[in-house]
**Student:** 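I have a structure I would like to understand better, so I am pasting it below and will then ask my questions one at a time.
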Number of protein chains: 2
Amino acid sequence: MTRKTAEAPAKERLSRERIVDNALALADAEGLDAVTIRRLAQDQGVTPMALYWHFKDKDRLLDGIAERLLSDVVMPSEGPDARPWDEQFRDLLVALLQVLRAHPATAHLVMTRIMLSEPGLNLTERALGLLSVAGFSREQATQVASHALASMVILVTTEPGRPEASDTAEREQRMRTKKASLQVLPPEQYPNVVASADAFVQCSSEPYFELGVDLLIAGIRGVSATL
Amino acid sequence: MTRKTAEAPAKERLSRERIVDNALALADAEGLDAVTIRRLAQDQGVTPMALYWHFKDKDRLLDGIAERLLSDVVMPSEGPDARPWDEQFRDLLVALLQVLRAHPATAHLVMTRIMLSEPGLNLTERALGLLSVAGFSREQATQVASHALASMVILVTTEPGRPEASDTAEREQRMRTKKASLQVLPPEQYPNVVASADAFVQCSSEPYFELGVDLLIAGIRGVSATL
DNA sequence: ACCTGAACACCGTTCAAGT
DNA sequence: ACCTGAACACCGTTCAAGT
């Protein structure tokens, strides 16, 4: 339980790829706030300015992380698919959700960055195609696609009881504190909140994510039926 | 077009309220990144450390902003309401959406902070009540309520063409640049993306937000029908 | 009760220079 | 092409002290 992260001496040269690797690993382990130019440099045994040869600024590095996430999405295979559009759309969402769930601390980075990378463009192209089959106009399809992506992100980032890059001990403590603060509320004024104290503080992941996807798909289906 | 924000000499004393006022106004004008302990102090003609008497740290100040937003929500009046739960739920969402739209730069602050203030608790209590009428279990109602709140937030923060606290001139330039970068893509590979270039870069707000709310309500209604 | 002064340990980034 | 050194202009925050 030492506070320092174990760092390999990192003999090998720097590269965009290596830098993104480390940034992502660091974010996974300690949260995005720990991802700092200076910290990354230190972990690589290099001067902070060394990174600026590979990335114009920190924002481009974050772009790189987002691109990495998106390139990790394993898309449903191309080609004709006889199934209804909503089933295909769901597969797309789930594929995206898988990688976001693996990297909750960086998931939100993709929201503003999908159109900046090839894998993001591919994902978007597929989504737009399916939504136009569903009967949406260009404008609506675009908005629904954006919203669908964003929904997967917030599903991951707002999961009740999600470990916020802290160790398990103090995380459980925070959960208990929060739960207690809800249970202590006047039950005649907040009966539902008090009764939901548990659910606000933790949940079982699989049903949670399934509900989230169901909600979105049902919404799209519902709206498409009124077109 | 001077670069300095015009600051009243601010003769009056400091207070939590005044600080939050200024922080919110500053965020609205220049984005949340501009909201800095030091900057706020300077604008009030006071030393940075003066703020620490009123707020334990910056995070508590952000809590204060979130609470302010939530207290600005004008809730549909209490008391028995004969209308179906989904109409009532929609009113709740729209009420929240109104204030989030007025403060896009700070909207996301409420996502993790609803349960920390009385207005947030009231909003949540009402939402949970309606969802339990709709037939959801405690766990599901809690998750749906959280997701609904978060959806309103991302609707606001990811609106295409949303002004990111920059002046109109360079904002239009960025939009043109982004649009051009999409239109230049190979149309045989990304037909839908290219055709949607316009829609990714701007939209008319009212239909956009209505679609967003429709999507969510339709989703909840759809899922509730399968219970 | 309310605010100041000085200091600490951080940031991202520029610019000129080394190999 | 790839990296270093020194410096700049910022952060949030602590701690002791003033009124």
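We name chains A, B, ... by the order of the sequence lines, and we start the count at 1 in each one.
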**Student:** Tabulate atom names and distances for all N/O pairs under 3.5 angstrom spanning the protein and nucleotides 1-5 of chain D.
**Tutor:**
residue : atom : partner : partner atom : Å
D:dC3   : OP2  : A:His54 : NE2          : 2.8
D:dT4   : OP2  : A:Thr47 : N            : 2.8

**Student:** Sequence neighbours left out, what passes salt bridge (charged side-chain N to carboxylate O under 4.0 Å, His left out) with B:Glu188? Give chain and number order.
**Tutor:**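 With neighbours one apart ignored, the set is empty.
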**Student:** Side chain to side chain contact (heavy atoms under 4.5 Å, CB included) with B:His103: which residues, sequence neighbours excluded?
**Tutor:**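 So B:His103 forms a side chain to side chain contact (heavy atoms under 4.5 Å, CB included) with B:Leu24, B:Asp28, B:Leu69, B:Thr106.
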**Student:** Taking only residues two or more places apart in sequence or in another chain, which ones pass side-chain hydrogen bond (donor to acceptor under 3.5 Å, both in side chains) with A:Ser205?
**Tutor:**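 Residues passing side-chain hydrogen bond (donor to acceptor under 3.5 Å, both in side chains) with A:Ser205: A:Glu159.
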**Student:** Table please: side-chain donor-acceptor pairs of residues 145-155 of chain A below 3.5 Å, with sequence neighbours left out.
**Tutor:**
residue  : atom : partner  : partner atom : Å
A:Ser146 : OG   : A:Thr142 : O            : 3.2
A:Ser151 : OG   : A:His147 : O            : 3.0

**Student:** Mind checking side-chain hydrogen bond (donor to acceptor under 3.5 Å, both in side chains) for B:Glu206 and listing every partner two or more places apart, or none if nothing turns up?
**Tutor:**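 Residues passing side-chain hydrogen bond (donor to acceptor under 3.5 Å, both in side chains) with B:Glu206: B:Arg101.
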**Student:** Would you please name every residue forming a side-chain hydrogen bond (donor to acceptor under 3.5 Å, both in side chains) with B:Asp63, sequence neighbours left out?
**Tutor:**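 side-chain hydrogen bond (donor to acceptor under 3.5 Å, both in side chains) check on B:Asp63 returns B:Arg113.
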**Student:** Under a 4.0 Å N-O cut-off, is there an ion pair linking A:Arg176 with A:Glu170?
**Tutor:**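 Result for this pair is no, no salt bridge flagged.
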**Student:** Under the rule for side-chain hydrogen bond (donor to acceptor under 3.5 Å, both in side chains), what residues qualify as partners of A:Lys179, not counting sequence neighbours?
**Tutor:**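 Result, side-chain hydrogen bond (donor to acceptor under 3.5 Å, both in side chains) vs A:Lys179: A:Asp198.
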**Student:** For A:Met175, check side chain to side chain contact (heavy atoms under 4.5 Å, CB included) against everything at least two apart and list the hits.
**Tutor:**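 A:Met175 satisfies side chain to side chain contact (heavy atoms under 4.5 Å, CB included) with A:Arg171, A:Val201, A:Gln202 once adjacent residues are dropped.
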**Student:** Which helical stems does DNA chain D take part in, if a stem means at least 3 consecutive Watson-Crick or G-U pairs with both distances below 3.5 Å?
**Tutor:**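 Stems found: C:4-8 with D:12-16, C:12-16 with D:4-8.
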**Student:** Using a cut-off of under 3.5 Å, enumerate the N/O to N/O pairs linking the protein to nucleotides 10-12 of chain C.
**Tutor:**
residue : atom : partner : partner atom : Å
C:dC11  : O5'  : A:Thr36 : OG1          : 3.4
C:dG12  : OP1  : A:Thr36 : OG1          : 3.3
C:dG12  : OP1  : A:Ile37 : N            : 3.2
C:dG12  : OP1  : A:Lys58 : NZ           : 3.1
C:dG12  : OP2  : A:Ile37 : N            : 3.2
C:dG12  : N7   : A:Arg38 : NH1          : 2.4
C:dG12  : O6   : A:Arg38 : NH1          : 2.9

**Student:** Going by the rule side chain to side chain contact (heavy atoms under 4.5 Å, CB included), which residues pair with B:Ser15 if we only count those two or more places apart in sequence or in a different chain?
**Tutor:**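 Partners of B:Ser15 by the side chain to side chain contact (heavy atoms under 4.5 Å, CB included) criterion, ordered by chain and then number, come out as B:Glu17, B:Arg18.
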